[in-house]
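Just so you know, ligand 1 is whichever comes first in the structure, and atom 1 is the first atom listed for that ligand.
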Amino acid sequence: MRAAHSVYNHIVVGAGSAGCAVTRRLVDAGRSVLLVETGGRDDNPAIHDPGRLWELWNSPQDHAYITEPQRHADETQVLWPRGKVLGGSSALNGMIYVRGHCSDYDGWADRYGAKGWSYDEVLPYFKRSEDFEDGPSDFHGADGPLPVTRNHDPNPVTSAFMAACEEYGIPYNDDCNAEEILGVNLLHRTIRDGRRVSSWTAFVEPVRASPRLTVRTGALVTRVLVEGGRAVGVELLRGGRTETVRCSGDVILSAGTIGSAQILLLSGIGPADELRALGIGVTADLPGVGRNLHDHTLTPVVWESVRDIPAGTANKLEAHYFAKTDPALSAPDLQPLMSHVPLPVAGQTVPDEGHGYTVLAGTIRPLSRGRLWLRSADPAQAPALDPNHFAEPSDLAAMVEAVKQVREIGSQRALEGWRSREIAPGPGVRADGEIAAYLKRNLLSYHHQVGTCRMGSGPEAVVDPRLSVYGVAGLRVADASVIPAVTSGNTHAPAVMIGERCADFVLGGHP
Ligand SMILES: Cc1cc2nc3c(=O)[nH]c(=O)nc-3n(C[C@H](O)[C@H](O)[C@H](O)COP(=O)(O)OP(=O)(O)OC[C@H]3O[C@@H](n4cnc5c(N)ncnc54)[C@H](O)[C@@H]3O)c2cc1C
């Protein structure tokens, strides 16, 4: 083992959505930071071309996790791509910028003990990171590093889909990142001049030359070094060699919902009995580490088109809508997503690109909770991942409703000029039970895994509302893993917001 003697103020583990935001703010504030990333540079051209999103899955830039067989979903195993590159998952995500519903954040504060995280308290941080093309407003910022742009040239089949939503009764909503999220709109995107803007390109690349910043790629953090109850650095594996790196201030884990929980467990921070069973010494008995794993789900509804669909000008996801399965709900529980290409379906032949389109039926208020656990003490072995989809029957019922609603929208007059026939689920699948069987076979992740290092109070809380790990001084977690209950929407913007807040906690300031 080689001991590195250089001392940084801070070590940030993981150059993803949140880690890049923390790093940038700390460097700007004059702190020296070591940013450690297990993936490499973002030099795959497909990262930067929004239209090539799906090429990145199972690429060298993807951790490409797979879940345990889902016992409430016909033992289906769900692919979980996760970024393994500078930018993390923001380098291979769908570039959709969505914050969620105000009640999500109020719920974190009220129900989970995450004091200080109500919507009014987090809104300034969303605004601080944002450079919205419409300019500043009560809900938007325009001076931040993260560009958020509109789509001014939608695919014509996307426009027809939006008209079909309105025909069905879903209102047009010009801005789902403002007061009201309900309704259909063209997606806000983290794209500028036709190129993806990841958290790395937005936050860290502009300060890459700073003498206060050191970036180490290809370095897998294997554990946090804890001395006398305080985190003092990390151990990492790079080029087959183990090194230790120390810092004078906080160690910040931003390795994501899977990576941060895995590092805590490998460091002996987690459920004591499980750690001992793997031969890992216990540093802090925190039963909540790895628990509360959950995600949003999707399933494709695919149509063949009567005429050619143009390739489009940007990413292949252009519109979505928020709706409620029950008008009495206080917030939407559905967020279906339109793609002007036909997506693959298990056991069915779908048309080639240009000859079909898909609406991904998706739900956003799951109640099912699962967990992550270590298979062994080997840091190179991926942990086991079980989101326990549909353990709560209402989650399956909501997905069935989502499919039915999407089909209804797909059969509206506004799509007559495009629709030839429904390919999947297909005309033979009508009863609720048949729809449920279809979607279990074709269960997709919305890629919004959260919750394994839950923030707040109570026996399963892992970090306090200032993101400090209970029982270990000088150690924080800042990424999607701290989210107690997933937001109603996509999770990149919330992860960036969490990174922004973490930097303020470390610096002791306010926006
Ligand atoms: C395919 C896909 C599509 C998505 N689409 C959207 C979308 O359109 N809009 C949206 O809002 N959200 C989307 N998401 C979700 C969103 O991108 C994530 O929720 C968000 O990026 C999570 O940020 P994070 O900071 O928690 O983790 P990440 O961005 O995943 O960053 C974690 C980083 O830590 C690194 N790391 C992990 N373990 C270690 C270790 N031991 N040592 C060193 N480094 C380590 C990883 O390699 C990674 O770079 C998508 C996600 C995926 C995967």
Side-chain angles (χ1 to χ4, degrees), residues 11-23 35-40 42 50 53-54 56-59 61-65 79-100 146 148 177 187-191 196 198-200 216-224 234-238 252-267 295-296 298 315-317 320 335 337 379-380 382-383 444-453 477-483 486-487 489-499 502:
I11 297 172
V12 177
V13 180
S17 298
C20 288
V22 186
T23 299
L35 175 59
V36 188
E37 168 57 47
T38 185
D42 60 343
L53 160 67
W54 284 302
L56 299 167
W57 298 14
N58 284 313
S59 73
Q61 289 78 41
D62 181 9
H63 286 278
Y65 297 107
L79 175 67
W80 281 7
R82 290 275 102 190
K84 186 182 178 185
V85 60
L86 294 176
S89 297
S90 73
L92 50 74
N93 73 10
M95 293 153 281
I96 300 166
Y97 182 89
V98 161
R99 297 170 183 172
L146 186 66
V148 178
N177 289 309
L187 291 161
H188 292 181
R189 307 157 320 163
T190 46
I191 296 176
R196 172 197 295 274
S198 71
S199 219
W200 167 261
R216 213 172 279 190
T217 53
L220 179 76
V221 169
T222 51
R223 67 185 175 99
V224 178
V234 298
E235 181 183 89
L236 55 87
L237 194 60
R238 193 176 187 225
I252 298 147
L253 299 184
S254 295
T257 293
I258 299 165
S260 287
Q262 184 182 19
I263 295 168
L264 287 180
L265 294 169
L266 290 167
S267 310
D295 190 11
H296 292 147
L298 293 174
N315 56 333
K316 288 173 178 163
L317 302 164
H320 67 163
Q335 189 198 2
L337 191 55
L444 304 175
S445 172
Y446 219 139
H447 313 299
H448 302 153
Q449 298 90 5
V450 300
T452 52
C453 304
V477 181
D479 55 32
S481 71
V482 305
I483 293 176
V486 66
T487 48
N490 316 74
T491 44
H492 169 58
V496 169
M497 178 276 288
I498 290 164
C502 182

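- Checked against a 3.5 angstrom limit, the closest N/O atoms of T257 and ligand 1 fall outside it.
- Which parts of ligand 1 touch L220 is read off a 4.0 Å heavy-atom cut-off, strictly below it: atoms 40 (C), 41 (N), 42 (N).
- Against a heavy-atom cut-off of under 4.0 Å, I263 is close to the following atoms of ligand 1: 40 (C), 41 (N).
- Every atom of ligand 1 with a heavy atom of K84 under 4.0 Å away is listed here by number and element: 47 (O).
- Close contacts between ligand 1 and S90 involve ligand atoms 21 (O) [criterion: under 4.0 Å to a heavy atom].
- Look at H63 and you'll find a heavy atom under 4.0 Å from some atom of ligand 1.
- Under a 4.0 Å criterion applied to the non-hydrogen atoms of A219, ligand 1 contributes the atoms 42 (N), 43 (C).
- Atom 27 (O) of ligand 1 has G256 CA, 3.6 Å as its closest protein atom, hydrogens excluded (heavy atom only).
- For atom 46 (C) of ligand 1, the candidate residues are G16, G100, G83, G88; the nearest heavy-atom contact is made by G83.
- Of all protein heavy atoms, the one lying nearest to atom 25 (O) of ligand 1 is A18 N, 3.0 Å.
- Between V450 and ligand 1 there is no heavy-atom distance shorter than 4.0 Å.
- Annotation: V13 places no N or O atom under 3.5 Å from an N or O atom of ligand 1; distance criterion only.
- Every residue meeting the side chain to side chain contact (heavy atoms under 4.5 Å, CB included) condition with I96, not counting sequence neighbours, appears here in chain and number order: V98, L187, L317, L337, N490.
- Per-residue contacts place W57 under 4.0 angstrom from the following atoms of ligand 1 (heavy atoms of the residue considered): 1 (C).
- For H492 and S90, the side-chain atoms include no donor-acceptor pair closer than 3.5 Å.
- For the ring pair (Phe, Tyr, Trp, His ring centres under 6.0 Å) test, residues two or more places apart in sequence or in another chain that qualify with H448 are H296, Y446.
- Among protein heavy atoms, the minimum distance from atom 51 (C) of ligand 1 is reached at H447 CB, 3.3 Å.
- Counting atoms of ligand 1 from 1 in the listed order, those under 4.0 Å from a heavy atom of T491 are 10 (C), 11 (O), 12 (N), 15 (C), 16 (C), 18 (C), 19 (O).
- In the candidate list P494, G499, P81, P81 is nearest to atom 53 (C) of ligand 1, counting heavy atoms.
- Here the heavy atom of the protein found nearest to atom 41 (N) of ligand 1 is V221 O, 3.0 Å.
- With respect to atom 17 (O) of ligand 1, the closest heavy atom belonging to the protein is N93 ND2, 3.2 Å.
- Every atom of ligand 1 with a heavy atom of G14 under 4.0 Å away is listed here by number and element: 33 (C), 34 (O), 35 (C).
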